[in-house]
Amino acid sequence: MSASILDGKLIAAELRESIKQEVDAQVAAGNIRPGLAVIMVGEDPASQVYVRNKKIACEKAGFNDVSEVLPANTSQADVLALIDQLNNDPTVHGIIVQLPVPKHIDPKTIIERISPAKDVDGFHPYNVGRLATGAPQLAPCTPHGVMTMLEKTGIPLRGLNAVVVGASNIVGVPMALELLNARATITVCHSATKDLAQKVSEADLVVVGVGIPNMVKGDWIKEGAIVIDVGINRLDDGSLCGDIEFEAAKERASWITPVPGGVGPMTIATLLQNTLKVAYHLD
């Protein structure tokens, strides 16, 4: 068999178009445009690309984009003061701080300063706690984007054996919580996990986000499994690959995400979705 492709570009484009239609309708009714504020400290090249893509996505969706690019030597106190200002700005509905930040700034302190009601990245402990208790408010964007993709398969998640490889607070942990809330049975694997290949081979659904090129081998994948690759890695020859051996896994899976063009586009689309939710108090 050869897997069907979960096309993140297409799914994200459909989501962004629905968001734009909602914004147009709300503005036509006299409501304010959603405002998304992005704070970047320093000049990390990957962050610059990501922030530029967010800006373009905002403009296409009809959002007001507020980009705050600060020098790398900006003090933590000044970043916190800017967050306070944006927290109190009624025209700003979502605030994100682009990670990584310079070493003299504590990312946990920064994230916790953002109002939970404007934390559209979904990283604040309040929002993670809501997700953990099965009552999500603003869910972390990448895992929630994966859930949107999984809906497109038409396969019920209830009762599936799901293995999440990677236990980061940005992807692995909230991904496990999302799947648990969907009534899948969850195993979370990490660097201390014994016999990873065996655990992956038993999974009906595999989600991998570790940042190691081709770490999960294609022959580990169970026949008919759904395979979600969150990783994106640049190889020495300049090409991009995920954390899963795509070509080999594709021959065993029922559905699979490509890299690039899989999960990545869903993250920004879900960020817009969260901001829209805040702006118009949507469920």
Side-chain angles (χ1 to χ4, degrees), residues 2-29 31 33-36 38 49-65 93-94 96 120-122 131 136-158 160 162 170-171 174-175 178-179 181-182 184 205-209 226-232 240 242 244 246 250 253-283:
S2 184
S4 298
I5 301 297
L6 273 170
D7 187 337
K9 287 184 178 180
L10 178 61
I11 299 169
E14 292 172 349
L15 180 56
R16 291 195 306 270
E17 179 58 28
S18 70
I19 290 168
K20 183 180 185 302
Q21 290 177 6
E22 179 69 27
V23 171
D24 289 346
Q26 292 282 352
V27 171
N31 295 318
R33 290 188 181 277
L36 176 60
V38 180
V49 172
Y50 200 55
V51 168
R52 183 165 64 247
N53 289 340
K54 286 174 182 172
K55 181 179 179 67
I56 293 169
C58 276
E59 292 170 350
K60 288 183 176 180
F63 284 35
N64 287 328
D65 170 71
H93 304 97
I96 68 169
V120 288
D121 256 340
L131 180 62
Q137 181 167 299
L138 293 171
C141 295
T142 298
H144 198 64
V146 169
M147 297 301 288
T148 302
M149 299 180 83
L150 289 171
E151 289 177 8
K152 299 295 184 180
T153 70
I155 298 173
L157 299 180
R158 184 182 180 89
L160 291 188
I170 294 174
V171 177
M175 187 76 254
E178 286 271 18
L179 291 169
N181 288 339
L205 167 62
V206 181
V207 183
V208 184
I226 305 168
V227 177
I228 306 293
D229 193 342
V230 182
I232 185 162
L240 297 174
I244 300 169
F246 177 80
K250 184 176 69 170
S254 58
W255 292 87
I256 193 169
T257 58
V259 177
V263 175
M266 294 302 300
T267 300
I268 292 179
T270 306
L271 179 69
L272 298 179
Q273 185 180 43
N274 276 349
T275 307
L276 184 82
K277 181 178 179 179
V278 174
Y280 303 131
H281 309 289
L282 302 176
D283 292 330

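- Counting heavy atoms from C-beta on, the side chains of M147 and M175 come closer than 4.5 Å.
- If you take OG1 on T267 and CG on D121, they are separated by 9.5 Å, rounding to the nearest 0.5 Å.
- Side chain of N274 to backbone of C141: no donor-acceptor contact under 3.5 angstrom is found.
- Atoms CG and OG1, from L271 and T142 in turn, are 9.5 Å apart once rounded to the nearest 0.5 Å.
- Atom NE2 of H93 is separated from atom OG1 of T275 by 9.5 Å, given to the nearest 0.5 angstrom.
- In this structure, the side chain of T148 engages the main chain of H144 through a donor-acceptor pair within 3.5 Å.
- No side-chain heavy atom of L179 sits less than 4.5 Å from a side-chain heavy atom of V146.
- Y50 OH to I268 CD1: the interatomic distance, rounded to the nearest 0.5 Å, is 4.5 Å.
- Side chains of L205 and I155 form no contact here, defined as non-hydrogen atoms less than 4.5 Å apart.
- Remark: I5 pairs with F246, K250, I256, P258 by the side chain to side chain contact (heavy atoms under 4.5 Å, CB included) rule, at least two apart or across chains.
- Distance OG1/T257 to CG/L6: 7.0 Å, rounded to 0.5 Å.
- Of all heavy-atom pairs spanning I170 and P140, the tightest one is O-CB, 4.3 Å.
- By the salt bridge (Lys or Arg N to Asp or Glu O under 4.0 Å) test, D65 pairs with K55, sequence neighbours left out.
- Of all non-hydrogen atoms in G242 and D229, the two that sit nearest each other are CA-OD2, 3.2 Å.
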Return a table of donor-acceptor pairs under 3.5 angstrom between the side chains of residues 8-23 and protein atoms on other chains or two or more places apart.
unit_1, atom_1, unit_2, atom_2, d
E17, OE2, Q21, NE2, 3.2
S18, OG, L15, O, 2.7
K20, NZ, D24, OD2, 3.0
E22, OE2, Q26, NE2, 2.8

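- Taking each heavy atom of A61 and L272 in turn, the nearest pair found is CB-CD1, 4.1 Å.
- Taken from NZ in K277 to OG1 in T270, the straight-line distance is 11.5 Å, to the nearest 0.5 Å.
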